[in-house]
2 protein chains.
Amino acid sequence: MIRRSARRMTRQRKIVLEELRKVTSHPTADQLHQMVRRRLPGINIATVYRNLEILTDEGEVMKLDVAGTQRRFDGNALNHYHIRCSRCGRVDDVHMDVVDSLEEAAAKACAYTVLSHTVEFVGICPGCRDGN
Amino acid sequence: MIRRSARRMTRQRKIVLEELRKVTSHPTADQLHQMVRRRLPGINIATVYRNLEILTDEGEVMKLDVAGTQRRFDGNALNHYHIRCSRCGRVDDVHMDVVDSLEEAAAKACAYTVLSHTVEFVGICPGCRDGN
DNA sequence: TTGCAATTGCGATGCACTTGCAATAAGAAT
DNA sequence: ATTCTTATTGCAAGTGCATCGCAATTGCAA
Ligand SMILES: [Mn+2]
Ligand SMILES: [Mn+2]
Ligand SMILES: [Zn+2]
Ligand SMILES: [Zn+2]
């Protein structure tokens with residue numbers, strides 16, 4: 001029989017998750033590494049990456065592959081949409097309903113079995129627009 | 001006064017564009033490099049990248065930053081949606097109407113000035129589904 | 001407590017893309 | 001046609017983000 005290896009809740013993994021859950025800013029791995037380091041000075045960036053990978057496939061967090069930039073991570077694993085500022089690169093949540101009907105429309109418009117979808121808006125954040 | 005440098009239509013640029021326009025497959029830069037090399041054996045990958053960059057900001061082609069994979073290029077610069085096969089990675093067009101109302105909804109649901117949006121579907125392509 | 005596989009820190013490596021530079025060539029001016 | 005300017009090229013080296021190999025450590029089940 002196939003057995004998945006038993007996961008351990010290490011100090012590192014716990015704090016990576018806690019720090020990511022604390023913010024709504026969709027940090028990159030190295031931003032998160034800085035945050036975690038305040039509590040765990042010796043932690044290595046590779047450990048942060050490895051844990052984010054594991055937490056992602058456990059469904060605890062979400063990987064965001066933002067167009068043309070460094071990968072970001074989201075402590076909220078429920079599907080929701082994002083907007084990226086084209087000036088400064090920050091990424092924020094868009095608090096609108098997910099449009100599931102897009103997937104039905106797509107299923108009719110191509111030959112694939114449709115499984116999921118993501119939407120990324122691009123715009124100008126308030127800070128950049130109002131000049132700060 | 002600011003003047004943009006005059007663009008030259010080099011043999012390389014012309015053929016990169018022609019080869020990209022020939023296909024509907026959204027090739028990566030090195031796939032396109034292989035294609036172009038059949039007509040221009042000496043062309044370097046850096047030249048392909050540079051020309052794709054230039055053609056993109058001239059609006060002739062489109063860069064696709066597909067979630068978690070190598071960048072792909074699209075000879076059709078008009079906004080349309082894509083679907084990626086989670087098994088084999090191929091990317092195809094989804095021939096459905098672009099839902100502009102998403103941007104209005106997003107504008108109400110966040111503080112950004114919304115400029116554009118992209119949708120990426122994920123699914124299983126016919127080839128992978130039907131086992132080839 | 002003990003045993004042992006999962007996990008870590010660290011350095012090395014990989015990969016996709018970008019850049020510096022001298023040589024080349026597009027295309028406007030003559 | 002020829003000359004001239006400078007955008008563009010090929011090549012090699014460089015960047016940056018992410019991943020990997022490995023010996024040492026550690027969670028945790030027995
Ligand atoms: Mn989010
Ligand atoms: Mn397309
Ligand atoms: Zn901004
Ligand atoms: Zn497939």
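Heavy-atom basis, side chains included; hydrogens, waters and symmetry copies ignored. Chain identifiers are assigned alphabetically (A, B, ...) following the order of the sequence lines, protein sequences preceding nucleic acid strands; residue numbering begins at 1 within each chain.
First and last contacting nucleotides of DNA chain D toward chain B (any atom under 4.0 angstrom from a heavy atom, 5' to 3' order): dT5(D) to dC11(D).
Legend: residues meeting salt bridge (charged side-chain N to carboxylate O under 4.0 Å, His left out) with R71(B), ordered by chain and number and at least two apart, are D65(B). Partners of R13(B) according to the side chain to side chain donor-acceptor pair (under 3.5 Å) rule, which considers only residues two or more places apart in sequence or in another chain, are N51(B). For T10(B), there are no side chain to side chain donor-acceptor pair (under 3.5 Å) partners two or more places apart in sequence or in a different chain. In this structure R90(B) satisfies the salt bridge (charged side-chain N to carboxylate O under 4.0 Å, His left out) test together with D92(B), sequence neighbours excluded. Annotation: salt bridge (charged side-chain N to carboxylate O under 4.0 Å, His left out) contacts of E19(B) (sequence neighbours excluded): K22(B), R39(B). Under the side chain to side chain donor-acceptor pair (under 3.5 Å) criterion, R21(A) pairs with E60(A), sequence neighbours left out.
The stretch residues 30-42 of chain A does not touch DNA chain D, since none of its heavy atoms comes less than 4.0 Å from the strand.
At least one donor-acceptor pair under 3.5 Å links the side chain of D74(B) to the backbone N or O of N76(B). Looking only at distances, no side-chain donor or acceptor of E120(A) sits under 3.5 Å from a matching main-chain atom of I83(A). A side-chain donor-acceptor contact under 3.5 Å links T56(A) to the backbone of L52(A).
Looking only at atom types and distance, the side chain of D30(B) has a donor-acceptor partner in the side chain of Q70(B) under 3.5 Å away.
Summary of the strand contacts: T28(B) and N51(A) both lie near DNA chain C, and taking for each the nucleotide with the nearest heavy atom, the more 5' one is attributed to N51(A).
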Show me the donor-acceptor pairs, under 3.5 Å and distance only, between side chains in residues 102-111 of chain B and residues at least two apart or in other chains.
residue: E103(B); atom: OE2; partner: H117(B); partner atom: N; Å: 3.4
residue: E103(B); atom: OE2; partner: H117(B); partner atom: ND1; Å: 2.7

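End-to-end axis angle of the helix from dT1(C)-dA30(D) to dT30(C)-dA1(D), using five pairs per end and rounding to 10°, comes to 30°.
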Quiz item: Reading nucleotides 18-30 of chain C 5' to 3', which nucleotides get B (base under 4.0 Å from a protein heavy atom), which S (sugar-phosphate only), which -?
Solution: BBB----BBS---
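Screening residues 13-52 of chain B for ring pair (Phe, Tyr, Trp, His ring centres under 6.0 Å) gives H26(B)-H82(B) as the qualifying pairs, with residues at least two apart or on separate chains.
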